[in-house]
*Asks:* 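Input: one structure, supplied below.
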Amino acid sequence: MELKDAQKEWKAGQFRPVYVLYGKDRYRMRQFVAALTDKLLPPDEQELGIVKYDTSETPIEEVVAEADTLPFFASRKLVLVRDSSVLAAAQGKEAKLEHSTDSLIAYLKQPCETSVIVFQVMAEKLDERRKVVKLLKEQDALMPFQELQENELLQWTIKRAEEQGRTMSRDAAQLLLARAGTSMQQLAHEVDKLCLHAGNGGSISGEDVEQLIASTVEEDVFALIDAMASLQVERALKLYRELLLRREEPIKIAALIARQFRIMLQVKELEQHNYSQQQMAGQIGLHPYAVKLAAEKAKRFSAQTLGKHLSRLAELDYSMKTGRVDKTLGLELFLLSLAA
């Protein structure tokens with residue numbers, strides 16, 4: 001089931017007996033639950049009409065029994081279930097409880113008309129070998145919430161500003177993604193802050209983002225590496241000193257530089273096997289937008305050079321931690337060597 005289809009049904013006063021939400025994007029999953037709650041129950045009934053369970057603590061039979069019971073002091077009942085074992089694909093952890101899914105299968109064939117169950121599955125995939133998952137799929141109850149791609153994130157960011165009566169340029173949205181990252185929770189917070197500054201009917205520019213949204217350590221490290229690769233020594237040292245002024249430890253900065261080099265090396269190796277950026281993101285465990293940025297920076301280095309830098313960073317890390325070299329000076333000398 002698509003989100004837009006569910007919203008159309010809600011407008012018509014129709015609600016499915018069960019919704020199964022799964023995927024990486026937990027923010028939009030929470031937004032879905034909030035929107036469903038407002039449509040299903042009036043504000044004065046929400047306290048008594050909502051029941052929450054976690055399958056790591058409660059057998060699925062109890063959840064089914066709750067859903068099969070008529071609501072008290074509310075027109076409907078919303079049963080919210082956090083799940084990581086009943087429907088989720090195996091994640092290498094043994095479930096603490098035994099769950100009898102036969103009771104859920106029986107309920108799905110004859111659900112209670114006044115109850116709505118929402119499974120919030122804490123996994124990227126469902127175990128489609130299970131009978132109960134196959135039945136839920138037949139009933140079109142499955143709703144994937146995968147991470148938005150770069151263009152989708154940009155559109156969502158701009159739209160959130162528009163919903164508050166502000167306009168945001170695409171350049172401003174791109175800079176915001178670079179600074180705030182791809183977490184929709186964080187992006188929503190930062191967009192709301194920018195909207196408050198712009199005022200009703202105002203516009204948000206790249207300059208506004210630069211002034212109001214603090215750059216992350218990761219972004220500054222990326223910029224530092226880029227400056228050294230471009231032989232912009234003064235700019236790189238300025239960025240390094242700014243990080244030190246923010247009381248960032250040289251050992252931490254070195255670790256972040258190593259992480260970025262490692263990602264770039266992985267990207268270069270996967271590119272040789274004709275992986276798409278989406279496939280790379282899955283292999284490396286990053287958002288596709290982060291992979292795109294790493295791929296752009298990796299063009300400045302050969303795989304051999306990246307390997308050498310990682311080896312030298314490992315030696316520097318050991319020297320800094322054992323006191324063989326001054327941390328601040330040692331990292332500064334390493335940065336200068338990048339531009340040599």
Side-chain angles (χ1 to χ4, degrees), residues 1-88 99 101 103-123 126 132-133 135-146 148 156 159-160 162-164 184-185 187-189 191-192:
M1 177 192 288
E2 296 290 332
L3 177 59
K4 59 183 179 181
D5 296 327
Q7 291 172 334
K8 284 181 182 178
E9 291 179 354
W10 297 349
K11 286 183 180 179
Q14 300 172 354
F15 299 93
R16 300 289 180 102
V18 179
Y19 297 93
V20 179
L21 321 180
Y22 67 97
K24 279 188 174 182
D25 196 340
R26 307 292 162 76
Y27 175 80
R28 286 195 298 142
M29 286 168 64
R30 291 193 297 270
Q31 293 293 96
F32 177 92
V33 172
L36 173 60
T37 301
D38 289 340
K39 291 289 184 181
L40 187 70
L41 296 166
D44 59 338
E45 292 185 9
Q46 290 181 11
E47 186 175 351
L48 295 173
I50 298 174
V51 187
K52 297 181 180 180
Y53 288 101
D54 190 324
T55 55
S56 65
E57 301 172 353
T58 307
I60 194 65
E61 305 94 289
E62 288 190 30
V63 175
V64 171
E66 180 68 53
D68 215 13
T69 304
L70 293 174
F72 293 99
F73 306 109
S75 54
R76 289 177 178 271
K77 182 185 292 185
L78 178 60
V79 183
L80 302 178
V81 186
R82 180 185 172 91
D83 173 54
S84 56
S85 55
V86 177
L87 306 177
H99 296 278
T101 55
S103 59
L104 180 57
I105 291 172
Y107 177 83
L108 291 171
K109 293 177 180 178
Q110 196 171 358
C112 179
E113 293 181 358
T114 55
S115 294
V116 174
I117 304 176
V118 179
F119 284 96
Q120 294 174 272
V121 183
M122 301 294 108
L126 303 177
V132 65
V133 175
L135 179 57
L136 286 162
K137 190 173 183 179
E138 288 174 9
Q139 295 183 350
D140 198 23
L142 308 184
M143 299 191 67
F145 285 84
Q146 304 305 335
L148 297 181
W156 179 85
K159 185 180 177 183
R160 186 175 181 90
E162 289 175 351
E163 288 171 350
Q164 298 181 55
M184 294 185 73
Q185 181 74 45
L187 279 173
H189 173 74
V191 170
D192 293 348

*Asks:* Do Tyr27 and Leu187 make a side-chain contact, defined as non-hydrogen atoms from C-beta onward lying under 4.5 Å apart?
*Replies:*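 Side-chain contact under 4.5 Å: no.
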*Asks:* Side chains of Leu36 and Phe15, heavy atoms from C-beta outward: is any pair under 4.5 Å?
*Replies:*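 They are in contact (side-chain heavy atoms under 4.5 Å apart), so the answer is yes.
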*Asks:* Quick one: list whatever passes side chain to side chain contact (heavy atoms under 4.5 Å, CB included) with Gln14, sequence neighbours left out.
*Replies:*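 For Gln14 the side chain to side chain contact (heavy atoms under 4.5 Å, CB included) partners, ignoring immediate neighbours, are Glu9, Ala12.
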*Asks:* Could you give the distance from CG (Leu78) to OG (Ser115), rounded to the nearest 0.5 Å?
*Replies:*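 Separation between the atoms: 9.0 Å.
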*Asks:* Does Lys77 use its side chain to pair, donor to acceptor, with the backbone of Glu66 at less than 3.5 Å?
*Replies:*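 Judged by distance alone, yes, a pair lies under 3.5 Å.
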*Asks:* Who passes side-chain hydrogen bond (donor to acceptor under 3.5 Å, both in side chains) against Gln146, sequence neighbours left out?
*Replies:*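 Per chain and number, Gln146 pairs via side-chain hydrogen bond (donor to acceptor under 3.5 Å, both in side chains) with no residue.
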*Asks:* Supply the atom-to-atom distance Ile60 CD1 to Thr101 OG1, rounded to the nearest 0.5 angstrom.
*Replies:*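 Separation between the atoms: 8.5 Å.
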*Asks:* Kindly compute the distance separating CG (Leu104) from CG (Leu87), expressed to the nearest 0.5 Å.
*Replies:*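 Result: 7.0 Å between the selected atoms.
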*Asks:* Look at the aromatic rings of Tyr19 and Trp10 and report parallel, tilted or perpendicular, splitting at 30° and 60°.
*Replies:*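 It falls in the perpendicular class, over 60°.
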*Asks:* Where the side chain of Gln139 meets the backbone of Leu108, is there a donor-acceptor pair that is under 3.5 Å apart?
*Replies:*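 Flag set: sc Gln139 to bb Leu108 pair under 3.5 Å.
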*Asks:* What are the two closest non-hydrogen atoms of Thr58 and His99, and how far apart are they?
*Replies:*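 Nearest heavy atoms, Thr58 then His99: O-CE1, 3.3 Å.
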*Asks:* What distance separates Leu135 CG from Lys137 NZ, expressed to the nearest 0.5 Å?
*Replies:*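 Going from the CG atom of Leu135 to the NZ atom of Lys137 covers 12.5 Å.
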*Asks:* Counting only N and O atoms by type, is there a donor-acceptor contact under 3.5 Å from the side chain of Asp140 to the main-chain atoms of Met1?
*Replies:*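 Yes; judged by distance alone, with no hydrogens or angles, the pair exists.
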*Asks:* For Gln120 and Lys52, what are the C-alpha separation, side-chain angles and deciding distance, and is it a side chain to side chain contact (heavy atoms under 4.5 Å, CB included)?
*Replies:* CA-CA 11 Å; Gln120 294 174 272; Lys52 297 181 180 180; over 6 Å; no
*Asks:* In Å and rounded to the nearest 0.5 Å, what is the CG to CE distance from Leu148 to Met184?
*Replies:*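 Spacing of CG (Leu148) from CE (Met184) equals 4.5 Å.
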*Asks:* Provide the closest heavy-atom pair for Glu113 versus Arg76 in the form atom of the first, atom of the second, distance.
*Replies:*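 So the two residues come closest at O-NH1, 3.5 Å.
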*Asks:* Can you see which heavy atom on Leu48 is nearest to which on Phe72, and at what distance?
*Replies:*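 Closest approach of Leu48 to Phe72, heavy atoms only: CB-O, 4.3 Å.
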*Asks:* So which atom in Leu126 and which in Val133 form the shortest heavy-atom distance, rounded to 0.1 Å?
*Replies:*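 So the minimum-distance heavy-atom pair works out to CB-CG1, 4.1 Å.
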*Asks:* For Val63 and Val86: C-alpha separation, side-chain torsions, deciding distance, then whether side chain to side chain contact (heavy atoms under 4.5 Å, CB included) applies.
*Replies:* CA-CA 12 Å; Val63 175; Val86 177; over 6 Å; no
*Asks:* For Val20 and Val18, which heavy atoms make the closest approach, and how far apart are they?
*Replies:*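 Closest pair (atom of Val20, atom of Val18, distance): CG2-CG1, 4.1 Å.
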*Asks:* Do Thr37 and Gln46 have side-chain N/O donor and acceptor atoms under 3.5 Å apart?
*Replies:*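 There is no such pair (donor and acceptor under 3.5 Å, judged by atom type) between the side chains of Thr37 and Gln46.
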*Asks:* Are Leu21 and Val33 side-chain neighbours, meaning at least one heavy-atom pair lies under 4.5 Å?
*Replies:*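 In contact.
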*Asks:* Donor-acceptor pair, Tyr107 side chain versus Cys112 backbone, under 3.5 Å?
*Replies:*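 Answer holds: yes.
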*Asks:* How long is the straight-line distance from CD1 of Ile50 back to CG of Leu80, given to the nearest 0.5 Å?
*Replies:*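 So the CG of Leu80 and the CD1 of Ile50 are separated by 6.0 Å.
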*Asks:* According to side-chain hydrogen bond (donor to acceptor under 3.5 Å, both in side chains), who are the partners of Asp192, at least two apart in sequence or on a separate chain?
*Replies:*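 Asp192 satisfies side-chain hydrogen bond (donor to acceptor under 3.5 Å, both in side chains) with Arg160, Gln164 once adjacent residues are dropped.
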*Asks:* Which pair of heavy atoms, one from Phe119 and one from Ile117, lies closest together, and at what distance?
*Replies:*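 Reported closest heavy-atom pair: CE1-CG2, 3.7 Å.
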